[in-house]
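Index from 1, following the sequence.
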Amino acid sequence: MKVWKKIAAMTMALGMVASLAACGNNSSDKQEGDDSGLKTVESGKLHMSTNAQFPPYEMTTDDGGFEGIDVEIAQAIAEKLGLELVVDDMGFDAALTAAQTGQSDMVMAGVTVNEERLEVMDFSESYATGVQVIIVKEDSPIQTVDDLANADMIGTQKATTGYIYCSDTPENGGYGEDHVTAYDSGALAVMALVNGQVDAVVIDNEPAKAFVAANEGLKILDTEFAVEDYAIGVAKGNTQLLDAINGALKELIADGTVQSIVDKYIVAE
């Protein structure tokens, strides 16, 4: 499938970004320096924009707080930098824009590096691997990735790589915009599948498991749609912040903190 060529190119781009480690400087009037000299949106705090509807990476708690892999890794990074983490919950597209424009310091929302995002953002080194899969009804004629070409309508979450891949032209390995509907959240895309408005949903594997478990009559196809690396996005050109994040992330990976957080939420099969 042609989409795999695109994924390979994006993976190479991610490697280049990780080695360059460069990010965007925020010129917002709200921006101030803390005691360490690191400039953030709000002095002494690290604002993380996210979309807390992406279990197990970010989700809300019963008391209105936030939890998940990204939230705990962000908390660990903030502690390394001597800052207080602030989680700003919004739509996925808005979360990306907030980091791009300096309204937040960074975005963590299961964000995959791709060519379009590289033009407007800089990214940390990867901290986790994500697998995109296909959700269908149990009696669906769609049984493989190749069968997806026969779907009348595919559901995705707005602004995600799943949407980008699927809405691309058939010549580039996609299915065309006319055959893809983008929803504000993965949950809404899955509900559209349940209601028969779409034939399949392309989404990351871990949230897919949660959605299938919560909705009887759905299943995840055995074949993977795409394999991607997750990274932390920041405004383009803010080298100081990106270097600080990468330094903290490197230590957290080396001492096993990142892996222990991932293992807490994703049980090995």
Side-chain angles (χ1 to χ4, degrees), residues 11 14-15 17-18 21 23-24 34 36 38 40-42 44-61 64-90 92 95-96 98-100 103-114 117 121-132 160-161 186 203-210 227-235 238 240-268:
T11 301
L14 174 59
V17 172
C23 185
D34 62 13
S36 69
L38 183 65
T40 56
V41 168
E42 186 177 1
K45 298 182 179 181
L46 183 67
H47 279 260
M48 162 193 166
S49 55
T50 192
N51 175 226
Q53 299 185 50
F54 192 69
Y57 287 91
E58 37 267 318
M59 46 206 168
T60 55
T61 60
F66 302 96
E67 63 181 357
I69 294 171
D70 286 350
V71 176
E72 291 202 22
I73 291 176
Q75 178 62 48
I77 290 172
E79 290 175 2
K80 285 279 188 183
L81 301 181
L83 300 171
E84 176 189 348
L85 179 67
V86 178
V87 178
D88 299 322
D89 184 25
M90 59 192 75
F92 182 76
L96 293 173
Q100 293 170 23
Q103 298 305 302
S104 70
D105 297 304
M106 63 183 191
V107 54
M108 293 182 73
V111 180
T112 305
V113 180
N114 64 28
R117 292 172 187 164
M121 302 177 70
D122 289 328
F123 290 90
S124 72
E125 296 187 24
S126 174
Y127 62 88
T129 299
V131 177
Q132 294 224 2
T160 61
T161 50
I203 196 168
D204 296 68
N205 188 46
E206 293 306 322
K209 290 178 183 177
V227 178
E228 308 169 319
D229 288 320
Y230 293 155
I232 301 168
V234 293
N238 192 349
Q240 183 193 45
L241 179 59
L242 187 59
D243 285 348
I245 290 173
N246 268 329
L249 190 58
K250 182 178 180 179
E251 293 178 8
L252 293 167
I253 291 173
D255 68 15
T257 299
V258 169
Q259 189 59 53
S260 67
I261 292 172
V262 172
D263 292 343
K264 174 181 175 180
Y265 289 93
I266 301 177
V267 179

task = Heavy atoms only: give me the nearest T50-A109 pair and the separation to one decimal.
result = OG1-CB, 3.7 Å
inquiry  = Ignoring hydrogens, what is the shortest heavy-atom contact between E58 and N51? Give both atom names and the distance.
reply    = CG-O, 3.3 Å
Mutual orientation of the aromatic rings belonging to Y57 and Y230 [parallel < 30°, tilted 30-60°, perpendicular > 60°] = perpendicular
message = Measuring only between side-chain heavy atoms, which start at C-beta, is Q103 closer than 4.5 Å to M90?
response = no
query = Considering all heavy atoms of both residues, which atom of D204 and which atom of E228 are nearest to each other, and what is their separation?
reply = OD2-OE1, 4.2 Å
key: Shortest non-hydrogen contact between T161 and N114, atoms and distance   = CG2-ND2, 3.5 Å
request  = Please examine the side chains of V113 and R117, heavy atoms only from C-beta on, and report whether any two atoms are closer than 4.5 Å.
outcome  = no
message = Could you tell me if the side chain of L249 sits less than 4.5 Å from the side chain of I73, heavy atoms only?
response = yes
query = Does any non-hydrogen side-chain atom of E125 lie less than 4.5 Å from one of I253?
reply = no
ask   = Looking at E206 and P56, what are the two nearest heavy atoms and their distance?
value = CB-CD, 3.2 Å
key: Test item: V41 and V86 side chains (from C-beta on) under 4.5 Å apart, heavy atoms   = no
message = Would you say that M48 contacts F66 through its side chain, given a criterion of any heavy-atom pair below 4.5 Å between the two side chains?
response = no
query = Where do G68 and Y265 come nearest, in terms of heavy atoms and distance?
reply = N-OH, 3.2 Å
inquiry  = With a 4.5 Å cut-off on side-chain heavy atoms, are E67 and E72 touching?
reply    = no
